[in-house]
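Shown next, in C-alpha cells, is the structure this report addresses.
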Amino acid sequence: MSEMEKPWAQGERRTVLAHHARTPLPGSVDKGPLGADERVSVTVVLRRSGTSELEAHVERLASQKPHERAHVTREAFAEKHGASLDDLAALRRFADDHGLTVERTHQAAGTAVLSGPPEAIRRAFGVELRWFDHPNGAYRSYAGEVTLPESVAPLVEAVLGLDTRPVARPHFRLRRRAEGEFEARSQSAPPAAYTPLDVAKAYQFPGGLDGSGQCIALIELGGGYDETSLAQYFASLGVPAPQVVSVSVDGATNQPTGDPNGPDGEVELDIEVAGALAPGAKIAVYFAPNTDAGFLDAITTAVHDPTHKPSIVSISWGGPEDSWASASIAAMNRAFLDAAALGVTVLAAAGDSGSTDGEQDGLYHVDFPAASPYVLACGGTRLVASGDRIEQETVWNDGPDGGSTGGGVSRIFPLPSWQENANVPPSANPGAGSGRGVPDVAGNADPTTGYEVVIDGETTVIGGTSAVAPLFAALLARINQKLGKSVGYLNPTLYQLPENQVFHDITEGNNDIANRARIYQAGPGWDPCTGLGSPIGVQLLQALAPSGEAPQP
C-alpha cells in the first residue's frame, strides 16, 4: 500500500490531502484533546470548474486597457466556474456518512462549511484536534496529515479551519513618544500629521469625484467601529459621512473593544481614510475570525457578494508568506483570481516590519496576501508635503521599534510576466532566485507623518501600510466613478504606464531594520521598498481613460 493510501474506519481507503501539515507555534503548550461536546467548523474548498479557462480569461483582461475589458458577471461566474452540483451533493453525502452538518455552501466561491463534534471531525479528516496555549492566545491544531476517503479526495482542494491560530496581524502603527510609548494626539504632539484630505491633495486625487456608485469592501479580522466616533470624525473634516454597513462572516461581528491600541485602530482607520476620500461610496466592512478559514471566507464573501457588489476590496491584515500553510495560500490566491475575473480590484498592505516582515530567522520575507500576483501590494513612504506640492518623499523606515515598509521578493510566487521589465532583483535569501516583487505602489505610512483619525472617541495619529490600502481604494473608487466601470485587475496595466507621469518615483531609503546589509533599497523605477512609487492621481486617471477622453482635474 502506498504512503498516500491508508485503511480507515469501515474499510475506507484514504488519501493524504497535500500541503496541510502544521507544526505547533514555537512556545506552544499542548493542553490535550478537545472536549467531546465542543463544536468545530471547517471550510472545505472544492475543485473548480474550468480553471484553465478562467486563468486564460484573466490573462486576456490583463492585456487590454481597463475600459475595453468585459468582466464576468457574478451570476455567470457562479454558473460557469462555481462548484458543480454533483460535487456539492457528494460532499453532503460525505458529511452525512461521518456525522457532520453542512452549515452552508457557496457555489460561486466553491466552498462549504461543515461542522460537528471532534470525533466526527476525526472520522472525516483523520486528525485528532488538540488545544494549545500560546503567549499570544490559545488555539487548536492537529498533528499528522489530513486525509479523505479516496472517493472524495479528488473533489477537495483544501480543508481550512482545523487549525485556528491567528494567521494575520493588522498593519498599523500609532505615533510614538520619544521614549517609545504610544499616546493619543495632544497639544504637545509633533505637528507633522495629515488628514486624509491633506494626503489626497498632495497626491493630486482628481477633484469633483466622491466614489458615488462604488462599494469598497474592507476585510477585518477583529475589533469593530463605533458609529459615534465615525460621525465625529467626518464632521470634523467637513465631509459627508459615507454609508457604512457591517457584514458578519463565520459568526464574527462588529465588536469594538474600546482600546485604540487594539484592532479597533485598524477598523476605524480603514473606514475613515476610505470614507473621507470617497464619501459617496458604500463602505462594506466584512468581519471574520482571524483564522485561515475566516480570512478566506471573508474574501470570498466580499468578492462574490451579490448584494453590496464591491468593486474594490481593501485588506490591511497579513503575515509572512512562509507562516501560512500552502493550502491556505492556494485557496486565497484562487479567490483573488476570482476577483480579477469579476473586475474587482484587491489591494493589500505590504507590512510594517521591513524586509524581514518581523521574522527572526535571519531571512528576508514578504507579506501575504500582498504577495499574491492578483493583489495590488501597497508599501509605505514618509511624506513631507505642503498643499499639492511634495517637498520630500522617502522610504518609510523608523527602525525596529518604529516600523518600516514591507517589501522584497516572494519565495512562493514566481515573477509575473508584467514585472519582467521592472528590474525585480533576485531574492536576497541564500540560494533563492527570482520571484514576485513586492510592493507595487506606495503612499504615506510613516507614523511621524501619519494620519489624524478618531479611534474609540480619541483623536490620535496612525501610520502603517494599513493606511495605504484604503487610500488607494478611495482613489480607485473615484477613478471607477469617472470611467463608468471598474478598472479591475490593475497590476499588469500599471507596469505598462509611463512611471514618471503617473507616479512619484521614490529614490531614497531602504527597508532594512535589522542593521544588516541594505539589500533592498529605493532607486529609479520600481524598487522592493516603494514599488512604482506614490500616485499622481489626476495623471493616473488620465492614463486609464479612453484615448481622447482625458478628464480634467
Side-chain angles (χ1 to χ4, degrees), residues 26 168-169 171 173 318-324 326 329 333 348-382 393-442 445-446 464-465 468 491 494-495 499 503 505-534:
R169 56 179 178 260
H171 292 317
R173 298 275 181 137
E321 61 179 2
D322 289 21
S323 69
W324 295 74
S326 297
I329 283 187
N333 196 54
D352 295 349
S353 299
S355 56
T356 66
D357 207 26
E359 296 291 89
Q360 305 296 320
D361 58 3
L363 300 175
Y364 297 93
H365 299 269
V366 294
D367 207 77
F368 182 81
S372 167
Y374 301 113
V375 169
L376 191 66
C378 301
T381 69
R382 183 181 190 274
E393 193 165 19
T394 56
V395 176
W396 167 41
N397 188 345
D398 290 336
D401 295 328
S404 173
T405 182
V409 179
S410 173
R411 301 172 66 187
I412 293 176
F413 295 102
L415 182 72
S417 60
W418 37 267
Q419 275 191 328
E420 288 177 353
N421 296 321
N423 297 316
V424 177
S427 168
N429 291 309
S434 63
R436 157 57 162 148
V438 177
D440 299 301
V441 294
D446 191 331
T465 55
V468 186
N491 299 33
L494 293 183
Y495 283 83
E499 295 174 15
F503 295 104
D505 194 6
I506 314 302
T507 59
E508 296 181 37
N510 65 82
N511 65 346
D512 170 44
I513 57 175
N515 296 316
R516 299 184 296 182
R518 294 175 178 176
I519 300 295
Y520 298 137
Q521 299 210 49
W526 184 93
D527 61 65
C529 301
T530 57
L532 297 168
S534 60

(message) Measuring only between side-chain heavy atoms, which start at C-beta, is Thr381 closer than 4.5 Å to Asp446?
(response) no
(message) Suppose we screen for side-chain contact (heavy atoms from CB on, under 4.5 Å). Which residues come up paired with Ser323, at least two apart in sequence or across chains?
(response) Pro320
(message) If I take atom CG from residue Asp357 and atom CG from residue Leu363, how far apart are they, to the nearest 0.5 angstrom?
(response) 12.5 Å
(request) Decide side chain to side chain contact (heavy atoms under 4.5 Å, CB included) for Tyr495 and Asn421; before the verdict, give the C-alpha distance in whole Å, the side-chain angles of both, and the deciding distance to 0.1 Å. (result) CA-CA 8 Å; Tyr495 283 83; Asn421 296 321; over 6 Å; no
(request) For Gly407 and Pro439, work out which heavy atoms get closest and say how close. (result) CA-CD, 4.0 Å
(request) Could you tell me whether a side-chain N or O of Asp505 sits under 3.5 Å from a main-chain N or O of Gly525, the two making a donor and an acceptor? (result) yes
(message) Would you compute the distance between atom CH2 of Trp526 and atom CD of Gln419 and round it to the nearest 0.5 angstrom?
(response) 6.0 Å
(message) Can you give me the closest heavy-atom contact between Ser353 and Gly358, atom names plus distance?
(response) CB-N, 3.3 Å
(message) Quick check: closest heavy atoms across Pro373 and Pro416, and the distance to 0.1 Å?
(response) CB-CG, 4.2 Å
(message) Nearest 0.5 angstrom please: Asn397 CG to Gln521 CD, how far?
(response) 10.5 Å
(message) If I take atom CH2 from residue Trp418 and atom CG from residue Leu494, how far apart are they, to the nearest 0.5 angstrom?
(response) 9.0 Å
(request) Indicate yes or no: at least one non-hydrogen side-chain atom of Ile412 is less than 4.5 angstrom from one of Phe368. (result) no
(request) Any chance you could measure Ile506, atom CD1, to Ser534, atom OG, to the nearest 0.5 Å? (result) 4.0 Å
(request) Could you list all the salt bridge (Lys or Arg N to Asp or Glu O under 4.0 Å) pairs where at least one residue sits in residues 422-440, not counting sequence neighbours? (result) Arg436-Asp440
(request) Sequence neighbours left out, what passes side-chain contact (heavy atoms from CB on, under 4.5 Å) with Val468? Give chain and number order. (result) Cys378, Ala445, Phe472
(message) Tell me if a side-chain donor or acceptor on Thr465 pairs with a main-chain N or O of Gly351 at a distance below 3.5 Å.
(response) yes
(request) Check Ser434 against Leu415 and note the closest heavy-atom contact, atom names and distance. (result) OG-CB, 4.4 Å
(request) Would you check, one step at a time, whether the test side chain to side chain contact (heavy atoms under 4.5 Å, CB included) holds for Val409 with Val438? (result) CA-CA 6 Å; Val409 179; Val438 177; over 6 Å; no
(message) Just verifying a value: how many Å separate Leu532 CG and Leu376 CG, rounded to the nearest 0.5 Å?
(response) 9.0 Å
(message) Suppose the criterion is salt bridge (Lys or Arg N to Asp or Glu O under 4.0 Å): which pairs have a residue in residues 410-421, not counting sequence neighbours?
(response) Asp322-Arg411
(request) Scan residues 425-434 for pairs that pass salt bridge (Lys or Arg N to Asp or Glu O under 4.0 Å), counting only residues two or more places apart or in two chains. (result) none
(message) Pair Asn429, Ser427 - check side chain to side chain donor-acceptor pair (under 3.5 Å), show working.
(response) CA-CA 5 Å; Asn429 291 309; Ser427 168; 3.3 Å; yes
(message) A side-chain contact here means heavy atoms from C-beta on lying under 4.5 Å apart; do Tyr520 and Asp512 qualify?
(response) no
(request) Output all residues satisfying side-chain hydrogen bond (donor to acceptor under 3.5 Å, both in side chains) with Ser404, sequence neighbours left out; order by chain, then residue number. (result) none
(message) Trp396 vs Asn511, test: side chain to side chain contact (heavy atoms under 4.5 Å, CB included). Steps then yes/no.
(response) CA-CA 7 Å; Trp396 167 41; Asn511 65 346; over 6 Å; no
(request) Could you pull out the closest heavy-atom pair between Val441 and Phe503, with the gap in Å? (result) CG1-CE2, 3.7 Å
(request) Could I get the full list of side-chain hydrogen bond (donor to acceptor under 3.5 Å, both in side chains) partners for Trp324, not counting sequence neighbours? (result) none
(request) Over all heavy atoms of both residues, which pair between Thr405 and Gly379 is shortest? Give the atoms and the distance, please. (result) OG1-CA, 3.4 Å
(message) So, using side-chain hydrogen bond (donor to acceptor under 3.5 Å, both in side chains) as the criterion, who are the partners of Asp527 when residues are at least two apart?
(response) Thr530
(request) Return the set of residues passing ring pair (Phe, Tyr, Trp, His ring centres under 6.0 Å) with Tyr374 (not counting sequence neighbours), or none when no residue passes. (result) Tyr489
(request) State, without any angle test, whether Ser372 and Asn333 hold a side-chain donor-acceptor pair at a distance under 3.5 Å. (result) yes
(request) Only counting residues at least two apart or in another chain, list the ones meeting side-chain hydrogen bond (donor to acceptor under 3.5 Å, both in side chains) with Glu321. (result) Ser410
